[in-house]
Amino acid sequence: MGFQQGLSGLSAASKQLDVIGNNIANGSTIGFKGSRVEFGDLYARSLASASTQAGTNTQAGVGVQVLAVSQQFQQGNITTTNNPLDMAISGNGFYRMTSENAGNGGIEAFSRNGEFKLDKEGYIVNNGYYLNGYRMVNGVKTGAEQPLQVSTINSGIAKATGATGERGIDWSFNLNGGAAVIDPAVKTFDPLDASTYSYTSGAKFYDNYGNVHTVSVYFARRDPVAGPPEVNNWDLYHAVDGVIVTNPAGGTYPADPAAVAQVQFDQNGQLISTGTPITIAADVSAASAHPAFDIDISNTTQFSGDYSVSRQVAGGYPAGKFTGIGADSAGVIYANYTNGVTEPIGQITLYNFSNIQGLVPNGNNRWLYSSDAGARSMADPNSGGMGYIKPSALEESNVDTTAELVNMIIAQRYYQANAQTIKTQDTIMQTLLNLR
C-alpha cells in the first residue's frame with residue numbers, strides 16, 4: 001500500500017507547487033487574488049472491516065486527495081498612479097463588465113482589476129470588456145445599466161449667468177461712512193467723471209455662448225433722510241458693457257431719478273433698504289443672449305474705513321473645452337473642462353455575492369457568475385455595504401511573495417518526503433524479491 005500513499009502525496013504536492021507557482025507568477029497582476037490548496041485524507045474502509053474490536057480502528061489511510069483550490073479574496077494593497085481612469089476598489093465589491101457594448105451585452109463578467117482606458121468609440125474598457133454603470137444627465141442617473149461611454153460629452157460647454165440652476169451676482173461692499181455727500185443737482189452723474197460718484201466696481205457675467213460681459217456699479221452718497229432716526233442715503237447706478245442703465249420709473253427717491261436703486265443704512269451701518277430690486281434685464285437681441293438676473297447686495301454695510309468689496313460671486317461660466325475624465329470615491333465619472341467645470345456623465349455600479357468563492361475564474365482577472373455564488377447584490381460605491389472607489393489608484397495582487405516562497409520550500413520538502421516513501425517501499429519490495 002505504500003506506493004499508493006506515496007503517489008497520492010506526490011500528486012498533491014505537485015498540485016500545491018502548481019498553485020504556489022501561479023501565485024508567485026501573478027505577484028504583479030493587478031486585482032489578482034491568490035489561491036490555496038485544500039487537502040483531505042483518503043481511507044479504503046468497509047463496514048465489515050472497520051474494526052477488529054469495538055471502537056478500535058485498524059486501517060491505515062491510503063493517501064491524500066485535493067479537495068479544492070480556493071481563491072483568497074482579501075484586500076490587496078492600493079498604489080497610486082497618474083492615470084485618472086485607474087480605479088481601485090477599497091472594500092467589498094466587483095466591477096460588472098460585459099463583452100459587448102450593445103444588445104444583451106454578451107458575456108457578463110466581474111473583476112477587481114481597475115486598469116481602465118477609453119477605446120476609439122469612447123467606451124471605458126478593460127482587456128476588451130466594457131465597464132457597466134448608469135448614464136447621468138444633469139447630475140441624475142438615467143436609463144438602464146449599460147456600458148459607460150464618454151464620447152458623446154460636449155466638446156465645449158458654457159452657461160449663462162442667471163440660467164436655470166445658476167445664480168445671478170452676489171456682491172457685497174463696505175461703503176465708507178465718512179464719504180462726502182454729492183449733490184446731484186450740482187454734479188450730475190457721469191461715469192466718465194469720478195467726481196460725480198463716490199465709488200465704483202465691476203464684475204463679469206456670461207451669456208449663453210459663454211461670452212464675457214461686464215456690469216459696473218457706481219455709488220454716490222446723498223443727503224441723509226431726516227428722522228428720527230436719520231437714514232443714510234446712497235444712489236446706485238449701473239452700466240452693462242459700458243452702457244448706463246437708467247431707471248425709467250423715476251421717483252422722489254433716489255435723489256437722482258436716473259439712478260436704478262437707492263441704498264439706505266441705519267445708524268449702525270446695517271443695510272435697511274435697496275429700494276427697487278437691482279436687476280440686469282434679459283438680452284434677447286442676439287443668439288448669444290442671456291436671461292435676466294438680480295444683483296444681490298444684501299450683505300453690504302456702511303462703516304468707517306476704506307471702501308472695499310467683501311464678496312463677488314457670479315453664476316454661469318465661460319466657454320470651456322473638454323480636457324479629460326476622472327472619477328470620485330462614489331464611482332461618479334466626470335468630464336473635465338478648461339473653464340474648471342466638472343460635469344458628471346455616469347456612475348459605476350458595484351456587485352457583491354453571498355458566496356464569492358462560488359465565482360468561477362475566467363482568466364484576465366475576471367470571474368463568471370455561477371449558482372454557487374448565491375444571491376447577488378448591487379449598489380453604488382461607498383453605499384449598501386460596498387467599498388469606495390479610489391481614483392488614480394490600483395489594487396495590487398494580494399499575494400505575499402515571501403510567504404509563497406516559504407510555502408514553496410515546504411511543498412518541495414513534502415514532495416521529496418513522498419518520493420522517499422515510494423523509494424522505501426521499493427527497497428522493501430526488493431528485499432522480499434531477494435528472499436531465497
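- A donor and an acceptor atom, one from each side chain of S70 and E38, are located under 3.5 Å apart.
- For the residue pair S310 and N299, no side-chain donor N or O sits within less than 3.5 Å of a side-chain acceptor on the partner.
- Annotation: ring-ring contact (aromatic ring centres under 6.0 Å, His included) contacts of F293 (sequence neighbours excluded): F205.
- Checked by atom type, the side-chain pair Q270/N268 shows no donor-acceptor distance below 3.5 Å.
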Checking F219 against Y199 for the ring pair (Phe, Tyr, Trp, His ring centres under 6.0 Å) test, could you report, in this order, the C-alpha distance in whole Å, the side-chain angles of both residues, the deciding distance, and whether it holds?
CA-CA 5 Å; F219 294 95; Y199 307 110; 7.6 Å; no
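- When only modelled atom types and interatomic distance are considered, S298 and D296 share a side-chain donor-acceptor pair under 3.5 Å.
- Checking side-chain atoms of S8 against main-chain N and O of V64 turns up a donor-acceptor pair under 3.5 Å.
- In this structure, G374 and S354 approach most closely via the heavy-atom pair CA-OG, 3.3 Å.
- Defined by atom type and a distance below 3.5 Å, a donor-acceptor pair is present between the side-chain atoms of T81 and D86.
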CA sep, side-chain torsions, deciding dist, call: F73, W367, ring pair (Phe, Tyr, Trp, His ring centres under 6.0 Å)
CA-CA 12 Å; F73 285 90; W367 290 268; 5.4 Å; yes
Would Y369 and Y351 count as a ring pair (Phe, Tyr, Trp, His ring centres under 6.0 Å) here? Give the steps.
CA-CA 11 Å; Y369 176 77; Y351 282 75; 9.7 Å; no
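- Of the possible polar contacts, none joining the Q4 side chain to the G63 backbone as a donor-acceptor pair under 3.5 Å is found.
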Name each donor-acceptor pair under 3.5 Å that joins a side chain in residues 384-394 to protein atoms two or more places apart or in another chain, with its distance.
{"residue": "S392", "atom": "OG", "partner": "N83", "partner atom": "O", "Å": "3.4"}

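- Donor-acceptor pairing under 3.5 Å is recorded for the side chains of N26 and N22.
- Classified by interplanar angle (parallel below 30°, tilted 30° to 60°, perpendicular above 60°), the ring pair Y307/F173 is parallel.
- No hydrogens or angles considered: a donor-acceptor pair under 3.5 Å links the side chains of D294 and T279.
- Side-chain contact, E145 with T349: a donor N or O sits under 3.5 Å from an acceptor N or O.
- Taking every heavy atom of both residues into account, I169 and A203 meet most closely at CD1-CB, 4.4 Å.
- Side-chain contact annotation: Y337 with E343, donor-acceptor N/O pair under 3.5 Å present.
- With hydrogens and angles left out, the side-chain atoms of D283 and H290 include no donor and acceptor closer than 3.5 Å.
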Applying ring pair (Phe, Tyr, Trp, His ring centres under 6.0 Å), run through F94 and F110 and close with a yes or a no.
CA-CA 6 Å; F94 295 81; F110 301 90; 7.0 Å; no
